[in-house]
Amino acid sequence: MRLRHAHAWKLTPAEARAVQARLAPLVVREDRLGPLKRVAGVDVGFEDSGQITRAVVSVLSWPDLVPVEDAVARRPTSFPYVPGLLSFRELPAVLEALERLSALPDLLLCDGQGIAHPRRLGIAAHLGVLTDLPAIGVGKTRLIGAHDEVPSARGAWSALRDGDEVIGAVLRTRAGVKPVYVSIGHRVSLETTVELVLQAAPRYRLPEPIRRADQLASRRKAFAAETQGRRKNIGQDLQD
DNA sequence: GCGACAG
DNA sequence: ATCTTGTCGC
């Protein structure tokens with residue numbers, strides 16, 4: 001498949017913020033999803049002291065969450081980490097990985113914020129707009145926004161607010177475990193976002209697609225079992 | 001001017 | 001994000 005985009009983004013932080021201001025209005029905050037069959041987790045890791053960006057997209061079937069395809073892409077890191085500008089550092093590699101899939105997924109679950117961002121264009125929203133695929137942001141920590149304490153039961157959540165606007169939800173995917181920060185990425189309402197994240201994370205804190213992408217993006221060890229409760233095998237490395 | 005600050 | 005195994009606790 002083709003995602004016609006030049007992946008060479010040589011921008012200054014000021015220019016990057018201008019791009020965000022231009023794209024933020026294009027985010028669709030309502031449900032515009034088709035049938036879900038393939039859901040992808042997106043994550044990025046770094047090698048060589050951060051000089052190489054490694055993006056992974058793991059596609060799982062829905063709703064059974066069985067791994068069906070993975071794609072990896074490595075690129076020289078071309079943008080520093082600047083809070084609020086994460087997508088300019090990670091998306092070039094992510095787009096390259098997406099293009100390597102045999103088919104695009106029906107939904108993207110991204111490690112990072114959606115519209116819970118200063119200019120409402122976190123990495124999940126940015127990726128959603130560029131690909132026009134439904135997308136959801138799942139952050140492990142907060143970028144912006146305030147919220148009440150979240151009840152400890154799985155499924156409980158509190159609105160994440162920036163002033164008067166609700167920009168996301170702080171959701172408990174596991175009882176008694178630190179909640180995750182979820183927000184609209186593109187073409188998915190906040191209500192649906194909460195439902196889908198809960199369905200995608202039936203057992204662990206993070207959604208299965210993101211967990212798998214995490215594995216492939218950081219560790220380089222084999223991860224044969226664990227997904228379906230099988231035996232553990234140490235030893236076999238697997239490259240890409 | 002002083003903090004806060006996704007990954 | 002990354003440097004890194006085993007270990008303490010529910």
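The structure displayed is predicted, hence computed values, not measured ones. Chain letters run A, B, ... following the sequence lines, proteins first, then strands; residues in each count from 1. Note that these values count all heavy atoms, side chains included, but never hydrogens, waters or copies made by symmetry.
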**Request:** If a protein heavy atom is under 4.0 Å from the base, mark B; if only from the sugar-phosphate, S; if neither, -; do that for nucleotides 5-10 of chain C going 5' to 3'.
**Result:** ------
**Complete:** Quick tally for nucleotides 1-7 of chain B: nucleotides whose base has a protein heavy atom under 4.0 Å get B, sugar-phosphate-only ones S, the rest -, giving ---SBBB
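A cation-pi arrangement is absent between A:Arg54 and A:Phe46, since the terminal nitrogen or guanidinium carbon is not both under 6.0 Å from the aromatic centre and inside a 45° cone about the axis.
Without hydrogens or angle criteria, A:Glu208 side chain to A:Asp64 main chain gives no donor-acceptor distance under 3.5 Å. Between the side chain of A:Ser152 and the backbone N or O of A:Gly176 there is no donor-acceptor pair closer than 3.5 Å. No side-chain donor-acceptor contact under 3.5 Å links A:Glu165 to the backbone of A:Asp162. Looking at A:Arg205, its side chain does come within 3.5 Å of a backbone N or O of A:Lys140 through a donor-acceptor pair. Side chain of A:Arg32 to main chain of A:Pro134: no donor-acceptor pair is present (N/O by atom type, distance under 3.5 Å, no hydrogens or angles). Side-chain atoms of A:Asp43 do not come within 3.5 Å of backbone N or O of A:Ile210 as any donor-acceptor pair. Put simply, the side chain of A:Asp106 never gets that close to the backbone of A:Val39: no donor and acceptor are under 3.5 Å apart. With hydrogens and angles ignored, the 3.5 Å screen pairs no side-chain donor or acceptor of A:Arg29 with any backbone N or O of A:Val188. Proximity of a side-chain donor or acceptor of A:Glu69 to a complementary backbone N or O of A:Ser102 within less than 3.5 Å is detected.
For the segment residues 178-201 of chain A, no residue has any heavy atom less than 4.0 angstrom from an atom of DNA chain B. Of the residues in residues 148-171 of chain A, none has a non-hydrogen atom less than 4.0 angstrom from any atom of DNA chain B.
Atom CD1 of A:Ile52 and atom CZ of A:Arg74 lie 8.5 Å apart (nearest 0.5 Å). Atom-to-atom distance recorded for A:Lys37:NZ and A:Trp62:CH2 is 15.0 Å, nearest 0.5 angstrom.
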**Message:** For Watson-Crick and G-U wobble pairs within 3.5 Å on both distances, what is DNA chain C written in dot-bracket notation, | included for inter-strand pairing?
**Reply:** ..........
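Hydrophobic clustering places A:Leu95 together with A:Leu108 (ILVMFWY residues linked when any side-chain heavy atoms are closer than 4.5 Å, directly or through intermediates). Residues A:Val19 and A:Leu26 fall within the same hydrophobic cluster, defined by Ile, Leu, Val, Met, Phe, Trp and Tyr side chains chained together at heavy-atom separations under 4.5 Å. Both A:Leu36 and A:Leu198 are members of a single hydrophobic cluster when ILVMFWY side chains are connected at heavy-atom separations under 4.5 Å.
Between A:Arg212 and A:Asp70 there is a salt bridge, since at least one side-chain N of the basic residue sits less than 4.0 Å from a carboxylate O of the acidic one.
What separates CD1 of A:Ile52 from P of C:dT2 is a distance of 13 Å, to the nearest Å. At whole-Å resolution of the value, CD in A:Gln51 and P in C:dC3 are 13 Å apart.
Nowhere does DNA chain B pair in an unbroken run of 3 or more (Watson-Crick or G-U, both distances under 3.5 Å).
Side-chain atoms of A:Ser158 and A:His147 include no donor-acceptor pair closer than 3.5 Å.
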